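Side chains included, hydrogens not; waters and symmetry mates left out as well; all remaining heavy atoms used. Treat the numbers as computed from the prediction; the structure is a model and nothing was measured.
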Amino acid sequence: MKNVEKYTKQFFEAPKTAMKWTQKSYIDKAPQWCSVDLRDGNQALIIPMSLEEKLEFFKLLVKVGFKEIEVGFPAASETEYEFCRTLIENNMIPDDVTIQVLTQSREHIIAKTFEALKGSKSAIVHLYNSTSLAQREQVFKKSKQEITDIAVFGAKLCKEYREKTEGNFRFEYSPESFTGTEPEFALEVCNAVLDVWQPTADDKVIINLPVTVSHSMPHVYANQVEYMCENMKYRENVVVSLHPHNDRGCAVADSEMGLLAGADRIEGTLFGNGERTGNVDIITLGMNMFSQGVDPELDFTNIPEITEVYEKVTRMRVYERQPYSGQLVFAAFSGSHQDAIAKGMKWREDGKCEHWTVPYLPIDPTDVGRVYEADVIRINSQSGKGGIGYLMETKFGMNLPPKMRETFGYHVKSVSDHAHKELLPDEVYKIFMDNYVNVTSPVNIKEIHYVQTSGIEASVTLEYNGKTAVVTNNGNGRLDAVSNAIKSYLGISYTIETYTEHALENGSASEAVTYVGISDENKKQYWGTGIDTDIVNSSAKALISAVNSMLTKS
């Protein structure tokens, strides 16, 4: 690409650490979660949420289980301020939920912030100022000491306003653009703020290390986090928080590695909404833990409902391939994938295995409110017999013989290919019913009478080419006798290769379904299915359906 020489690394590597985080292979407990959907997520919307929409979203976040929710930047707009006051004055904040608000290190903004929080039972005041080299040089044109002074000034003001404002308040500080800041300087600023706030076991302080803009690979960020955790003052009384953005597509990896490196808390949003490429997606983080048997302590058992509310109030759309949440993330179109999933599900049913290990499905879709028939097996021209057969069995109760699955699978794929679209389950079922079940043309069986002789004698009333005839023939069983009558009347030859039957459990409990496969003199196979309340009649209907297929396709 042109202009590559324009770019260089904008991050600063941490002084050498032990990199103890690299010895851990997974996160073994849930972090403290803080949703920033109503502040960071909201400010990234083309049309910010109204007061009513923010209230609806807040209720959803509480229902999901967030105990810390950043509700806005009260000094930024009247809606932000009014939302905060509405929550407090109408007693809408559960006793176990703490709200959080953001403020710059400027006195009039801090004053407005505490005014908005007056009477709050539990609130976090989140103070920030930018510390990166780029911001110091280009935006503020200030020295390191002057930047530190801004942070200390704000920290002192927060203490003063806490003492004179009704309510219960904790503090959080962010060296904004941490990832573009020299780690030693970021540590210096954070320690200066901590010296003002003097955290204790009963009054812990949150130090947030934001990936305001992602500049590096995740392991670099993890080393920065480990350096801060190991060298920060008052560490036992500090909650180290992460706020990763997704500019490099690494927000989830940054978060997971940062937690391994010693962080305690994550700030993020549902579905990753946020400035530019967004924040870390808390659903993905939580479900990653869930998929390895660790309780995320958030309730994502109804992701479709969460998606519905989110899309309504934000006017954003959840991408179809969004991990765990998208409409297509559990969908298998590939024939080999469908076959493996179907066999994995069958193995699970038969083996009663303790843990979920189904191929291609990292979690059970039903655990997040999805259903197999609608979400897992999706039918198009790339689908295979396994997936189509699985769909027919699980949704419609049709357990097709293996070779019939293959024939029907090619039939369905051909329809999808020519229509150039995905086929819905009901469309697949209609193809089956129209082409294989109780087919009455060109030959139709009107009625059959059986007589027990040395074998079985069948008198079959047939309609063919506008004529009706009664044909009698013998066989070693009812179906064989009917088959011989059909052969003699039509002057055709075929062999019954496959016969299976079962109750149609997903329909009427009184119906039976029969599958018959026949082959002609050239060994080409044809299939028919019969459905009737009487198993003998369903067998005859399956046979004549197969014969009709042979007559029309040979």
Side-chain angles (χ1 to χ4, degrees), residues 392 396-401 403-405 407-408 411 426 428-522 524-554:
M392 291 297 295
F396 302 109
M398 298 284 190
N399 188 8
L400 280 60
K403 290 185 178 180
M404 188 180 189
R405 286 190 181 200
T407 300
F408 180 54
H411 190 160
D426 286 345
V428 175
Y429 183 67
K430 187 175 187 305
I431 293 170
F432 185 72
M433 295 297 291
D434 289 348
N435 291 274
Y436 295 89
V437 179
N438 296 354
V439 181
T440 59
S441 177
V443 184
N444 183 29
I445 295 177
K446 294 294 290 182
E447 59 180 325
I448 307 171
H449 297 283
Y450 300 98
V451 177
Q452 183 78 42
T453 59
S454 55
I456 294 291
E457 181 182 274
S459 293
V460 185
T461 302
L462 294 171
E463 287 184 340
Y464 182 57
N465 286 339
K467 298 179 181 180
T468 301
V470 178
V471 185
T472 301
N473 216 316
N474 296 309
N476 56 20
R478 287 180 170 82
L479 188 63
D480 187 48
V482 172
S483 178
N484 290 335
I486 293 170
K487 288 177 183 178
S488 64
Y489 182 70
L490 298 176
I492 59 175
S493 178
Y494 59 81
T495 303
I496 296 178
E497 300 281 2
T498 304
Y499 175 94
T500 62
E501 62 187 42
H502 63 77
L504 192 55
E505 296 175 357
N506 284 20
S508 170
S510 62
E511 287 187 314
V513 59
T514 304
Y515 310 95
V516 169
I518 63 174
S519 60
D520 61 16
E521 294 173 330
N522 297 316
K524 186 175 180 180
Q525 198 157 42
Y526 305 90
W527 291 94
T529 301
I531 299 177
D532 197 275
T533 55
D534 182 273
I535 189 64
V536 175
N537 290 340
S538 74
S539 301
K541 288 180 177 180
L543 175 62
I544 201 64
S545 296
V547 169
N548 281 324
S549 178
M550 185 178 76
L551 292 174
T552 56
K553 295 177 182 178
S554 60

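- Partners of H502 by ring-ring contact (aromatic ring centres under 6.0 Å, His included), not counting sequence neighbours, listed by chain and number: Y515.
- The salt bridge (charged side-chain N to carboxylate O under 4.0 Å, His left out) pairs that include a residue from residues 485-503 number zero, where partners must be two or more places apart or lie in different chains.
- Contact of the D426 side chain with the F396 side chain is registered, since non-hydrogen atoms from C-beta on lie closer than 4.5 Å.
- Here the CE atom belonging to M398 is positioned 7.0 Å from the OG1 atom belonging to T529, to the nearest 0.5 angstrom.
- Listed by first then second residue, pairs satisfying salt bridge (charged side-chain N to carboxylate O under 4.0 Å, His left out) with a partner in residues 545-554 number zero, not counting sequence neighbours.
- Nearest approach of G530 to A542, heavy atoms of both residues: N-CB, 3.3 Å.
- The distance from atom OH of Y494 to atom CD1 of I486, rounded to the nearest 0.5 Å, is 4.5 Å.
- Contacts classified as side chain to side chain donor-acceptor pair (under 3.5 Å) and involving residues 452-467 (residues at least two apart or in different chains) are given here: S459-T472.
- You'll find the side chain of Y526 stays beyond 4.5 Å of the side chain of T407, heavy atoms only.
- A heavy-atom distance below 4.5 Å is found between the side chains of M550 and I518.
- The CH2 atom of W527 sits 3.5 Å away from atom OG1 of T498, with the distance rounded to the nearest 0.5 Å.
- S549 contributes no side-chain N or O that, together with a main-chain N or O of S545, makes up a donor-acceptor pair within less than 3.5 Å.
- Listed by first then second residue, pairs satisfying side chain to side chain donor-acceptor pair (under 3.5 Å) with a partner in residues 433-445 read H411-Y436, K430-D434, not counting sequence neighbours.
- Side-chain contact between T552 and V439 is absent, with no heavy-atom pair separated by less than 4.5 Å.
- Atom CZ of F432 and atom CE of M392 lie 5.0 Å apart (nearest 0.5 Å).
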- Apply side chain to side chain contact (heavy atoms under 4.5 Å, CB included) to the pair L543 and I445, showing each step before the final yes or no. CA-CA 10 Å; L543 175 62; I445 295 177; over 6 Å; no
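- The CD1 atom of I448 sits 9.0 Å away from atom CD1 of I544, with the distance rounded to the nearest 0.5 Å.
- Side-chain atoms of N548 come within 3.5 Å of backbone atoms of V443 as a donor-acceptor pair (strictly under, hydrogens ignored).
- Contact check for N399 versus R405: side-chain heavy atoms found under the 4.5 Å cut-off.
- Residues that satisfy the side chain to side chain contact (heavy atoms under 4.5 Å, CB included) test with S538, not counting sequence neighbours, are A512, T514, D532, I535.
- Between the CG atom of L479 and the CG atom of N484 there is a distance of 9.5 Å, given to the nearest 0.5 Å.
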